[in-house]
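Just below is one structure, and these are the notes that go with it.
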Amino acid sequence: MHRIVEFNGKMYVLVRTIKFSQVNGNMEGLKAWRDALHCDHVLKEGSTYLMVRYVDDIEYEYVN
């Protein structure tokens with residue numbers, strides 16, 4: 001099960017985290033990695049890139 005993250009009021013499913021040092025400034029490589037993982041966006045959090053998919057709607061039910 002993937003973690004849900006909130007960023008600027010939007011919800012995303014976290015697919016993978018990648019350290020800045022792994023990317024080493026290669027933004028084209030980062031885009032290729034994003035596409036290979038079928039992700040919509042790459043977010044920055046601290047010294048890590050977050051590969052995420054946008055959540056359109058979440059199905060849930062209240063538990064009492």
Side-chain angles (χ1 to χ4, degrees):
M1 191 164 191
H2 295 287
R3 190 175 108 196
I4 302 293
V5 294
E6 182 179 354
F7 190 79
N8 288 338
K10 296 182 180 178
M11 304 298 279
Y12 299 91
V13 176
L14 178 63
V15 176
R16 182 171 182 156
T17 59
I18 300 172
K19 295 179 184 179
F20 284 179
S21 60
Q22 289 178 279
V23 175
N24 198 24
N26 182 357
M27 299 314 284
E28 290 302 315
L30 184 63
K31 289 177 187 178
W33 212 340
R34 176 201 63 198
D35 294 343
L37 293 172
H38 305 287
C39 292
D40 301 316
H41 300 284
V42 178
L43 306 173
K44 288 182 184 180
E45 182 182 71
S47 61
T48 307
Y49 290 111
L50 308 177
M51 300 294 201
V52 297
R53 295 181 188 134
Y54 180 68
V55 175
D56 288 325
D57 193 16
I58 296 177
E59 291 184 26
Y60 64 93
E61 84 181 49
Y62 289 104
V63 177
N64 292 326

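- Scanning for salt bridge (Lys or Arg N to Asp or Glu O under 4.0 Å) contacts around Lys10 gives an empty result, with sequence neighbours left out.
- Residues Val23 and Val42 share a single hydrophobic cluster, defined by chaining ILVMFWY side chains whose heavy atoms lie under 4.5 Å apart.
- His41 has its side chain out of reach of Phe7: every pair of non-hydrogen atoms, C-beta onward, lies at least 4.5 Å apart.
- Expressed to the nearest 0.5 Å, how far CZ of Arg53 lies from CD1 of Ile4 amounts to 11.0 Å.
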Quiz item: Going through the distances and angles, do Leu50 and Lys44 end up as a side-chain contact (heavy atoms from CB on, under 4.5 Å)?
Solution: CA-CA 6 Å; Leu50 308 177; Lys44 288 182 184 180; over 6 Å; no
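- Annotation: side chain of Leu14 is not in contact with side chain of Met51 (no heavy-atom distance under 4.5 Å).
- Val52 approaches Cys39 most closely through the heavy-atom pair O-CB, 3.3 Å.
- Within a 6.0 Å sphere centred on CD of Gln22, heavy atoms belonging to other residues, nucleotides or ligands number more than 12.
- Residue Leu30 holds its CG atom at 6.0 Å from OH of Tyr49, rounded to the nearest 0.5 Å.
- One hydrophobic cluster, built from ILVMFWY side chains closer than 4.5 Å, holds both Tyr54 and Val5.
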